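Heads up: the structure comes next, in structure tokens.
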Amino acid sequence: MSITKPRGTRDFLPEDMEQRRYIESIMRDIVKKWGYREIMTPTFEHLDLFTLKSGETIVDELYNFTDKGNREMALRPELTAPVMRMYTNELQATSKPLKLYYFENCFRYERPQKGRYREFWQFGVELIGSKKEDADAEVIALAMSILDAIKVNGTLNVGHLGVIRHILKELDTEHQSNIMRYVDKKDDTGLDDYLENINATASLRRNLFELISIQGDDALEKAKEVVGDIEELQYFKNVLNILDIYEIPYNIDFGIARGLDYYTGIVFEIYADNLGAQNQVCGGGSYQLIKLFGGGDVPSTGFGIGFDRLMQICDLVCPKPKNLMIISTDNTRSEAIKIGQRLREIVPTQVDLMHRNFKAQLSHANNIGADHVLIVGEKELELGKFTLKDMNTGYQETIHIDDIIDRLTS
RNA sequence: GCCGGGGUAGGGUAGCGGUUAUCCUUUAGCCCUGUGGAGGCUAAGAUCCGAGUUCGAUUCUCGGUCCCGGCCCCA
């Protein structure tokens, strides 16, 4: 075997795909019930789309290339930016709120490990156009609802970047960004050293550490003592109140920073058990990207679900597809083909393609897990009836073709 | 970019200086020309690549490569 699949990619076998499509269809059903409609964006985009907000350093993690027209391109590493680009290009005049969802593959040039691949699938939604708490809460509720539907237990952590940014507002953006990185990693020592280096004021340091350590039911009260009665805190509280109405449990965590710089308000992450180092299955929040792409000041909220990670922990079992095999002989082969054409209308039907003997055909039917076998032999042709055998029970009966259809559909 | 552990038929494995490279499974077929799952038989199919040591390397050494896990990173 000289040619193998590229590093970090996977082949999906028929059993894999049946399972993946099954889970996918459940997820699609949920978002459709909430009124979200599917979109698709290009697999590759102009490199600028991804570097605009994140800087040149992310090019290291992108699959990028120069096309034959000397344009810098990149395979999409995520879908929020492409969707916002699409919105800006062609959807600005639509009625709000705009509810979109996607299920697509993404590419990142990273070192593969458990739950991390170079080609991976993301399922996500973007809710565009509402600046109300209800929109943020709905997106979170929807994410939880999806995980619930596929029986994945997740722990929801919610935060609001506006609160922590309130403390940091006197610092320049680069310092803020670096601080957020330490906060996200929960690296208190590194954070302390960094604050020391940039000569942060004592009150800022005290407030910051107090805020990120806040936990528990009275978290909002405690936060109020640290930052005061600010607008962002009230907004956050309102979102949480709506989550209570949805009856969704959550942990408040002011330390959620998210990897992406574009989040501005509510942020949330959902962690699954039993997933090792890469246990975050969903992440999202609200952001202001559209302005950046030349559109108006349109608030949006969205999330992305790591589909592959879900597949590793979801134990929902895909129902086995029906499968009928027609057994024939050299003399009845044409009749078998004709009958197959009829049966295919109601059940997946296969005919012998290898001119096997009778026993070998039956054996093959068994190997591929056929539910039923229909014997189209010379005896049956004379009779005008065929033998239908249930492969699970072994029961068989000789019946007319029209009755077979009734039998299989009942 | 860094650190570990690994690469022997399609899948799973044994051998650890000289073998016809082991066994299981798989696939195709036969025993058995109209009744599957069992059994027996036949066939197909492998030492990741390169260099070195050696009379001789699947085995030892080095390099590469790929896979698996962890770090960094995760827009």
Side-chain angles (χ1 to χ4, degrees), chain A residues 1-11 13 15 45 47-64 74-82 84 106-118 120 122 177 180-182 184-185 187 190 257-263 269 275-280 283-285 287 289 292 304 306 309 325 327-332 352-383 386-398:
Chain A
M1 184 67 81
S2 55
I3 298 179
T4 58
K5 64 186 184 313
R7 183 166 169 73
T9 63
R10 288 156 297 160
D11 292 320
L13 307 183
E15 299 77 42
E45 298 265 5
L47 180 65
D48 295 346
L49 176 63
F50 304 112
T51 55
L52 201 55
K53 182 65 186 178
S54 320
E56 291 296 324
T57 55
I58 66 140
V59 173
D60 295 340
E61 292 151 22
L62 290 174
Y63 266 99
N64 62 311
L75 301 182
R76 60 181 168 221
E78 51 106 19
L79 278 143
T80 300
M84 290 309 116
C106 298
F107 306 84
R108 295 185 191 182
Y109 197 89
E110 294 179 298
R111 182 75 193 253
Q113 53 183 278
K114 189 179 178 65
R116 173 189 286 180
Y117 306 95
R118 288 185 170 177
F120 58 98
Q122 273 205 352
S177 180
M180 293 306 281
R181 196 156 299 149
Y182 284 114
D184 194 39
K185 281 194 284 190
D187 180 2
R258 307 283 302 133
L260 295 143
D261 278 345
Y262 55 64
Y263 290 105
E269 297 178 336
L275 246 186
Q278 310 295 327
N279 67 340
Q280 191 188 315
Y287 52 86
L289 267 181
L292 200 63
R309 292 179 184 178
M325 186 86 211
I327 290 181
S328 56
T329 68
D330 286 341
N331 295 328
T332 63
D352 171 53
L353 301 174
M354 296 186 56
H355 292 204
R356 283 185 167 113
N357 65 35
F358 190 91
K359 191 180 178 97
Q361 286 185 55
L362 201 53
S363 179
H364 180 246
N366 187 60
N367 288 339
I368 63 170
D371 311 286
H372 289 89
V373 147
L374 184 70
I375 299 169
V376 177
E378 287 157 40
K379 289 181 199 167
E380 283 81 1
L381 268 191
E382 286 171 26
L383 262 176
F386 304 96
T387 304
L388 182 67
K389 175 169 184 140
D390 184 317
M391 291 297 278
N392 297 313
T393 64
Y395 175 76
Q396 64 182 47
E397 58 189 323
T398 302

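What you see is a predicted model; the values in this text were computed from it and never measured. All chains are named by letter (A, B, ...) in the order of the sequence lines, taking the proteins before the strands, and each is independently numbered beginning at 1.
In a base pair of the Watson-Crick type (N1 to N3 plus N6-O4 or O6-N4) or a G-U wobble (N1-O2 and O6-N3), with each distance short of 3.5 Å, B:G39 is matched with B:C31. Checking B:G45 for Watson-Crick or G-U wobble geometry (two distances, each under 3.5 Å) identifies no partner in any strand. Across all strands shown, B:G1 forms a Watson-Crick or G-U wobble pair with B:C71, both key distances being under 3.5 Å.
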Under-3.5 Å N/O pairs linking protein and nucleotides 32-34 of chain B:
| residue | atom | partner | partner atom | Å |
| --- | --- | --- | --- | --- |
| B:C32 | O2 | A:K359 | NZ | 3.4 |
| B:G34 | O6 | A:E378 | N | 2.7 |
| B:G34 | O6 | A:K379 | N | 2.8 |
| B:G34 | O6 | A:E380 | OE1 | 3.4 |
| B:G34 | N1 | A:E380 | OE1 | 2.7 |
| B:G34 | N1 | A:E380 | OE2 | 3.3 |
| B:G34 | N2 | A:E380 | OE2 | 2.6 |

All N/O contacts under 3.5 Å from nucleotides 1-4 of chain B to the protein, with atom names and distances to one decimal?
| residue | atom | partner | partner atom | Å |
| --- | --- | --- | --- | --- |
| B:C2 | N4 | A:R111 | NH1 | 2.6 |
| B:C3 | N4 | A:R111 | NH1 | 3.2 |
| B:C3 | N4 | A:R111 | NH2 | 3.4 |

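Checking the phosphate oxygens (OP1, OP2) of B:A28, a side-chain nitrogen or oxygen of A:R356 falls inside 4.0 Å. Note on A:Q113: every side-chain N or O is 4.0 Å or more away from OP1 and OP2 of B:G69.
Near RNA chain B, meaning a heavy atom under 4.0 Å away, the residues from residues 361-369 of chain A are A:L362, A:S363, A:N366.
Residue contacts shown for A:G304 are absent, as no nucleic acid heavy atom lies under 4.0 Å away.
A donor and an acceptor atom sit less than 3.5 Å apart, one in the side chain of A:R116 and one in the base of B:C74.
Two residues are said to be in side-chain contact when any heavy atoms from C-beta on lie closer than 4.5 Å; A:M354 and A:Q361 fail this criterion.
Around atom OH of A:Y109, no more than 12 heavy atoms belonging to other residues, nucleotides or ligands sit under 6.0 Å away.
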